Amino acid sequence: MKTLVFAERSEAAIRLAAGARTVANEVVLVLIGELPATVGSADKIIHIALPTGEVYDNAADTVNAVFDSEAPDLVLIESTRHLRVIAGKLAAHVGTSVITDVIEFDGSTPVSMYFGGVAHRKLKASGVSILTIGPSVFSDVPATEVAPESAVIEEAAWVAPSAALELLEVRPIEKSGVDLFGADVVVAAGRGFAEESDLELARDLCSKLNAGLGCSRPLTEGLDWLPTEAYIGVSGQMLEPKVYIAVGISGQMQHMVGCNRAETIFAINKDKNAPIFKQCDYGLVGDLKTLLPALSAAL
Amino acid sequence: MKIAVCFKVVPDDQDILVNSDRSLDYSKAQQIVSTYDLNAIEVAAQLASTHEASLVALTAGSALIDSSKLKKGVLSRGVDELFMIADDACTNMDALATAAALADLVTKNGGFDLIICGDGSADNFARQVDVQLAAKLGLPVVTSASKLAIEAGALVVERSLEDVIEVVRVSMPAVVSVTPDAALPRIPGMKEIVAAGKKPSEVQASGSSVVSALEVLDCRAPEQVARKLQVIDASQDGAIEQFVAALKAAV
Ligand SMILES: Cc1cc2nc3c(=O)[nH]c(=O)nc-3n(C[C@H](O)[C@H](O)[C@H](O)COP(=O)(O)OP(=O)(O)OC[C@H]3O[C@@H](n4cnc5c(N)ncnc54)[C@H](O)[C@@H]3O)c2cc1C
């Protein structure tokens, strides 16, 4: 079996190449734009150099040409916003659909989430399978890092894009510095917080527990009370802390998949029928405005 | 100028039940407009009003989606007209099939300068229909748009990517998919809802045969990690002490 691997970032280039090796005897790594310092071990690297000022997405026609000449049986693509466009255009070219955000892959049947984790689906493509997949799916596979120079590199001929975008500007997104991955304890605030100032109650609890403050999606999107990096769930951060304390969070699956691998889950909610109480270890039914100060005082 | 906005109708996931064999039961779930498509409709409505453009909403799905409540809901959000394919042949389409059905509607009702899609649907969240639709129509596509403006007959789009904001210009017609933070959906008032009932909407037959490339082999709720489920009312004697003790033991 021959597998084509696309990655935008170095870590994914390493992990996906290693993962591809577990299911295929021939691995071809395709890299678009500047080559990262280290990549994964592949039989061959195909480099698509981006002409100056060209948008990443404009490489799609070149990618389709590479696909046609390599004729792989399987395509693994890192799930980034740029590469999802490349993946979609490739799928349209081939006449299939991409199996997206694969969370498990045994080489034959990819598994994806449905309704943000309400269910898991096993999917099958007619013809070649094109998967978008994150590096963490192959985190248990031993991977070797190599410098691209030490591999066989083939330069792909640039195919002029048929539906081009013109690049005007690129500017970095200022990150908040919030990093919940290192936190053993995470306190997560939800829409049960009626006012932004009430978040102080959660911050007090955090300082007692040396915890990181996270949240459900509505608090970053729409309300803007906390930075994007703080929201937990299927489209945000997927965490595995020792202790997770959900406060004023209803427990919708899209949120819970981001925390349900925590060792112990605590929940505070004023609605005794909130779904979170069917997914926690310890639950306290009551108003967060009185309970959070009481907890902070008792700790 | 003519703008089209695409939306998907999905069962409301808050009312999806899990059967004992962990398969899903949708019988209690209402059909609703997928959450992020409401943001796309809002972006389209604001652009249409700024540029005095007409706004048409497009969707394709099973026969279930042909509901007057649903259509009114969409038409009360600044949309002038609605076209849908509501056919059981269009049940659970993948991106390839959805794009083909939407492309049919675009071609038939023609001449759009701009086609707006949402970030991803609540069910599949594949984020692929935008790209496939553009490919089918032979148009450029810009995804992850958090801001867009029409300047001198072209679109200027800010894309929110993982680490950077990328600003691009693209000629029209084009397909653009917008992130949820591009605009917050309005809450339609009584006046808009009444007016929506008088706006035109049409159910059209699917022109081409709808063929999905993906087959679902299995769809089941994941096994849940067994949790202790010790839930107590805070007003109960010693409730807080118990909770704190458990917390101290866990950290
Ligand atoms: C495609 C898609 C992707 C999504 N991705 C994510 C994601 O990654 N992460 C995410 O979080 N969401 C995500 N969502 C949204 C998700 O479906 C829910 O809407 C969201 O998680 C709900 O947030 P919440 O629990 O804070 O708010 P709500 O559901 O409104 O719950 C608020 C809770 O607070 C309780 N409460 C209210 N007042 C008090 C009080 N005074 N004291 C105690 N409790 C109180 C209420 O009883 C209620 O249970 C996604 C949705 C879609 C469609």
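Letters A, B, ... are given to chains in the order of the sequence lines, protein chains preceding strands, and every chain is numbered from 1. Predicted model only: the values in this text are computed from it and were never measured.
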Practice task
Name the region of Val167(B), side chain, backbone, both or neither, that has any atom closer than 4.5 Å to a heavy atom of chain A.
Solution key: both
Exercise for the section: Output, in order, the C-alpha distance, side-chain angles, deciding distance and verdict of side chain to side chain donor-acceptor pair (under 3.5 Å) for Asp101(A) and Ser79(A). Expected result: CA-CA 7 Å; Asp101(A) 295 314; Ser79(A) 187; 2.7 Å; yes
Exercise for the section: Against chain A, work out which of Val211(B), Leu247(B), Val141(B) has the most heavy-atom pairs shorter than 4.5 Å and name it. Expected result: Leu247(B)
Handout entry: Toward chain B, the part of Ser97(A) with a non-hydrogen atom under 4.5 Å
Key = both
Handout entry: Lys242(A) portion near chain B, given a 4.5 angstrom heavy-atom threshold
Key = side chain
Exercise for the section: Name the region of Thr179(B), side chain, backbone, both or neither, that has any atom closer than 4.5 Å to a heavy atom of chain A. Expected result: side chain
Practice task
Check whether Met253(A) gets within reach of chain B through its side chain, its backbone, both or neither, counting any heavy atom under 4.5 Å.
Solution key: side chain
Fill in the blank from the handout: Max heavy-atom pairs within cutoff under 4.5 Å with chain B, candidates Met113(A), Arg261(A), Glu8(A), Glu221(A), goes to Glu221(A)
Practice task
Ignoring hydrogens and angles, tell me if any N or O in the side chain of Thr80(A) forms a donor-acceptor pair with the backbone of Leu83(A) under 3.5 Å.
Solution key: yes
Exercise for the section: Go through the atoms of Glu162(B) and report whether side chain, backbone, both or neither lie under 4.5 Å from a heavy atom of chain A. Expected result: both
Problem - Val225(B) portion near chain A, given a 4.5 angstrom heavy-atom threshold - result: side chain
Fill in the blank from the handout: From the list Val5(B), Ile3(B), Leu137(B), side-chain contact (heavy atoms from CB on, under 4.5 Å) partner of Ile115(B) resolves to Leu137(B)
Exercise for the section: Scan Asp218(B), Asn124(B), Leu217(B) and name whichever one has a side-chain contact (heavy atoms from CB on, under 4.5 Å) with Arg121(A). Expected result: Asn124(B)
Practice task
Heavy-atom distances under 4.5 Å only: say whether Thr143(B) touches chain A with side chain, backbone, both or neither.
Solution key: side chain
Exercise for the section: Heavy-atom distances under 4.5 Å only: say whether Gln254(A) touches chain B with side chain, backbone, both or neither. Expected result: side chain
Practice task
Kindly say whether Glu42(B) contributes a backbone atom to a donor-acceptor pair with the side chain of Arg77(B) at under 3.5 angstrom?
Solution key: no
Completion exercise
Honestly, the part of Arg22(B) sitting under 4.5 Å from a heavy atom of chain A is neither
Problem - Close side-chain approach of Phe266(A) to Ile268(A), heavy-atom, < 4.5 Å - result: no
Exercise for the section: Under 4.5 Å, counting heavy-atom pairs only, tell me which of Thr100(A), Asp281(A), Leu168(A), Ile173(A) racks up the most with chain B. Expected result: Asp281(A)
Exercise for the section: Among the options Cys219(B), Ser171(B), Ala99(B), pick out the one with the most heavy-atom pairs lying under 4.5 Å from chain A. Expected result: Cys219(B)
Practice task
Count the heavy-atom pairs under 4.5 Å between each of Asp163(B), Leu161(B), Asp181(B) and chain A, then report the option with the highest count.
Solution key: Asp163(B)
Practice task
For a side chain to side chain donor-acceptor pair (under 3.5 Å) with Ser144(B), tell me which candidate from Arg81(A), His82(A), Arg84(A) qualifies.
Solution key: Arg81(A)
Handout entry: Backbone of Ala164(A) reached by a side-chain donor or acceptor of Asn58(A) within 3.5 Å
Key = no
Practice task
Please answer whether the main-chain N or O of Thr96(A) pairs with a side-chain N or O of Gln132(B) as donor and acceptor at a distance below 3.5 Å.
Solution key: yes
Fill in the blank from the handout: Of Ala95(B), Ala135(B), Gly138(B), Ala122(B), the largest count of non-hydrogen pairs under 4.5 angstrom with chain A goes to Ala122(B)
Handout entry: Under 4.5 Å from a heavy atom of chain B, the part of Ala267(A) involved
Key = backbone
Exercise for the section: Specify which of Leu155(B), Leu229(B), Asp94(B) makes the most heavy-atom pairs with chain A at under 4.5 Å. Expected result: Leu229(B)
Completion exercise
Whatever's closer than 4.5 Å to a heavy atom in chain A on Glu158(B) counts as side chain
Practice task
Could you look at Glu215(B) and say if it's the side chain, the backbone, both or neither that has a heavy atom under 4.5 Å from chain A?
Solution key: both
Problem - Under 4.5 Å from any heavy atom of chain B - which part of Asp184(A) - result: neither
Practice task
Tell me, for Ile165(B) versus chain A, whether the close heavy atoms (under 4.5 Å) come from the side chain, the backbone, both or neither.
Solution key: both
Handout entry: Interface moiety of Ile265(A) toward chain B, non-hydrogen atoms closer than 4.5 Å
Key = both
Completion exercise
Under 4.5 Å to a heavy atom of chain A? For Leu139(B) that would be backbone
Practice task
Identify which part of Val118(A) has an atom lying under 4.5 Å from any heavy atom of chain B, answering side chain, backbone, both or neither.
Solution key: both
Problem - Segment of Val55(A) engaging chain B (4.5 angstrom heavy-atom cut-off) - result: side chain
Fill in the blank from the handout: So, the part of Val98(A) with a heavy atom under 4.5 Å from chain B: the answer is both
Exercise for the section: Under 4.5 Å heavy-atom distance to chain A, tell me which part of Val129(B) shows up: side chain, backbone, both or neither. Expected result: neither
Handout entry: Interface moiety of Leu184(B) toward chain A, non-hydrogen atoms closer than 4.5 Å
Key = side chain
Practice task
Go through the atoms of Thr109(A) and report whether side chain, backbone, both or neither lie under 4.5 Å from a heavy atom of chain B.
Solution key: side chain
Exercise for the section: Count the heavy-atom pairs under 4.5 Å between each of Asn39(B), Val216(B), Val170(B) and chain A, then report the option with the highest count. Expected result: Val216(B)
